[in-house]
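Take a look at the structure below.
When a ligand or atom number is given, it counts from 1 through the structure's own listing order.
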Amino acid sequence: MVRVASEPVESGFLAQRLHGFGTTIFAEMSALAAETGAINLGQGFPDTDPPGEVAEAAVKAIREGFNQYPPGPGIPELRAAIAAHQERFHGLPVDADREVLVTTGATEAIAAALISLVDPGDEVVTFEPYYDSYAASVAMAGGVLRVATLRVEGERWAFDPDELRGAVSTRTKILLVNSPHNPTGKVLTAEERQVVADVAIEHDLIVVADEVYEHLVYDGDHVPMASLPGMAERTLTISSGGKTFQCTGWKVGWIIGPADLVSAVRTSKQFLTYVSGGPLQYGIAVGLGLGDDYFDALRAELRERRDQLAVGLADVGFDVPRAEGGYFLTTDVAQVGAYDARQFCLDLPRRVGLVAIPSSVFYADPAKGRTYVRWAFCKRPDVIATAVERLQRLR
Ligand SMILES: *Cc1c(COP(=O)(O)O)cnc(C)c1O
């Protein structure tokens with residue numbers, strides 16, 4: 001049987017709890033990009049390399065024989081670098097031996113945290129749209145996902161505090177919060193962070209804070225959830241080298257938190273992957289120690305790419321809600337006369353030579369995201385410039 005690239009496939013063997021997760025939209029859309037030669041603004045990966053010293057440190061580790069199982073919690077050099085980085089950028093003291101666990105990307109940190117902390121029937125509350133692994137990881141953990149919906153209010157994405165409070169019940173165990181946010185680019189305001197903290201403290205919840213875009217805040221600075229009063233003792237902070245050092249293929253992530261929470265996460269991590277790739281950990285350890293100039297330049301660069309794509313999108317008739325951080329912009333295709341983002345995205349490669357992602361895949365209820373499309377701007381300036389030219393064909 002011949003399958004077209006756009007046809008999602010779900011195996012008949014799939015266990016009940018994974019029904020509906022099928023194959024991710026990214027494989028489908030990247031195949032469409034390859035097939036049509038379209039510019040891929042779908043998946044969020046940079047088209048540049050990590051800094052030379054970061055790459056060299058990993059190569060050197062391979063050449064010098066660091067090729068066997070590294071220590072379970074991560075190599076001491078990386079754990080020390082993670083702790084020093086958290087103190088340097090966010091003023092948060094971290095014990096590198098007891099409060100840090102290196103994982104296979106932030107993705108494994110999220111999965112391991114949920115598998116370790118969630119009992120069957122426990123509820124996990126997050127904002128939708130959400131990073132697509134959240135719902136699948138909650139399902140794998142046997143938990144139940146509850147959502148509060150982010151909506152465009154004026155120029156930015158916002159949530160209704162009452163909706164967040166309403167999503168929490170006596171079964172809620174975890175608040176899973178992502179700021180800067182994928183897919184919307186939203187960064188929680190000080191007021192919003194406080195709402196999240198108040199809810200967590202009032203209901204005695206664990207907060208799992210996905211902060212992989214901590215260095216990509218364009219307006220203002222990143223403030224970790226763990227830095228709010230009363231939050232350090234209940235927060236697991238997740239980050240990763242992928243977004244910060246432009247090496248999403250390396251999959252070196254970490255989770256930081258109180259020793260007893262991190263120890264719980266380690267229990268499932270050790271049986272998911274046992275340990276995470278050793279040589280690349282040496283590279284990320286060097287990266288975390290780079291001078292401020294690296295982090296400032298990265299942020300300035302991505303801010304420019306954001307503005308470049310936002311102008312292009314606005315130019316063809318979109319209102320573009322502000323992306324205060326991250327890799328993506330989201331627009332409502334109803335503003336250019338389309339009423340189904342999935343169909344819009346399937347047509348886009350042949351119509352204008354671009355690939356984007358229909359945001360409905362990031363919603364628990366896809367109907368709520370039916371007309372939203374996510375565009376990645378983490379690409380070289382010339383690539384964004386060509387993409388912006390091609391967008392003109394939408395007129
Ligand atoms: C990219 C991303 C991740 C995954 O990070 P890896 O280190 O590649 O596993 C997790 N959360 C969000 C919000 C992301 O955008």
Side-chain angles (χ1 to χ4, degrees), residues 24-27 30 40-47 50 54 58 74 78 82 85 100-115 124 126-138 140 145 147 150 157 174-188 207-217 222 224-225 236-256 265 269 272-273 276-277 280-281 283-285 287-288 298 302 306 323-330 357 359 361-363 374-379:
T24 79
I25 185 85
F26 302 103
S30 290
N40 192 352
L41 302 185
Q43 210 167 4
F45 59 85
D47 49 7
V54 171
L78 178 55
I82 290 165
H85 170 274
V100 179
L101 174 66
V102 173
T103 57
T104 303
T107 308
E108 190 198 26
I110 295 160
L114 293 170
I115 290 168
V124 177
T126 196
F127 293 108
E128 72 173 352
Y130 44 71
Y131 181 62
D132 67 327
S133 87
Y134 292 1
S137 289
V138 170
M140 286 191 276
L145 187 70
V147 294
L150 298 175
W157 291 86
I174 291 176
L175 270 184
L176 175 50
V177 185
N178 171 218
S179 178
H181 185 254
N182 175 1
T184 64
K186 175 181 176 55
V187 171
L188 292 174
V207 170
V208 176
D210 178 345
E211 302 185 350
V212 299
Y213 297 104
E214 60 183 306
H215 285 289
L216 298 175
V217 175
H222 175 67
M225 281 307 304
L236 282 165
T237 304
I238 291 172
S239 194
S240 162
K243 310 289 161 60
T244 298
F245 302 110
Q246 320 218 59
C247 52
T248 59
W250 283 27
K251 303 297 291 185
V252 177
W254 55 89
I255 189 161
I256 303 172
V265 178
K269 187 268 181 314
L272 285 168
T273 50
S276 299
L280 300 178
Q281 294 186 36
I284 300 299
L288 290 170
L298 174 76
L302 270 290
R306 173 199 65 176
E324 296 119 347
Y327 269 181
F328 308 102
L329 289 163
T330 298
I357 297 292
S359 298
V361 300
F362 306 124
Y363 286 78
R374 189 191 81 171
W375 312 83
F377 55 78
C378 50
K379 307 292 173 184

Does the Lys NZ or Arg CZ of Lys243 fall within the cation-pi geometry relative to Phe45 - under 6.0 Å from the ring centre and within 45° of the axis?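 No cation-pi geometry.
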Using a heavy-atom cut-off of under 4.0 Å, does the side chain or the backbone of [X] touch ligand 1, or both, or neither?
{"X": "Asn182", "answer": "side chain"}
{"X": "Glu108", "answer": "neither"}
{"X": "Ala106", "answer": "both"}

Should Glu214 and Pro224 count as side-chain neighbours, where that means a heavy-atom distance under 4.5 Å?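 Glu214 does not reach Pro224 side chain to side chain.
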A side-chain contact here means heavy atoms from C-beta on lying under 4.5 Å apart; do Thr184 and Phe362 qualify?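 Answer no - side chains too far apart.
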Give the residue, atom name and distance (to 0.1 Å) of the protein heavy atom nearest [atom].
{"atom": "atom 8 (O) of ligand 1", "value": "Lys251 NZ, 3.1 Å"}
{"atom": "atom 12 (C) of ligand 1", "value": "Asp210 OD2, 3.4 Å"}
{"atom": "atom 15 (O) of ligand 1", "value": "Tyr213 OH, 2.6 Å"}
{"atom": "atom 2 (C) of ligand 1", "value": "Lys243 NZ, 2.5 Å"}

Sub-4.0 Å atoms of ligand 1 with respect to non-hydrogen atoms of Ser240: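 Atoms satisfying the 4.0 Å criterion: 6 (P), 7 (O).
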I'd like to check which ligand 1 atoms, numbered from 1 as shown, lie under 4.0 Å from a non-hydrogen atom of Asn178.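 What qualifies from ligand 1 is 13 (C).
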Going by side chain to side chain contact (heavy atoms under 4.5 Å, CB included), Tyr130 matches just one of Leu176, Asp210, Asn182, Leu145. Which one?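 It is Leu145; the other options fail the test.
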Using the side chain to side chain contact (heavy atoms under 4.5 Å, CB included) rule, pick out the option among Leu188, Val217, Val187 that qualifies with His222.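 Considering Leu188, Val217, Val187, a side chain to side chain contact (heavy atoms under 4.5 Å, CB included) with His222 is found only for Val217.
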Please find the pair of heavy atoms, one from Val54 and one from Ile284, that lie closest to each other, and give the distance.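 Answer, listing the atom of Val54 first, then Ile284: CG1-N, 4.4 Å.
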Sub-4.0 Å heavy-atom contact, Tyr327 with ligand 1: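 No, Tyr327 has no heavy atom closer than 4.0 Å to ligand 1.
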Distance, nearest 0.5 Å, that separates NE2 of His181 from OG1 of Thr330: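 Rounded to the nearest 0.5 Å, the NE2-OG1 separation comes out at 9.0 Å.
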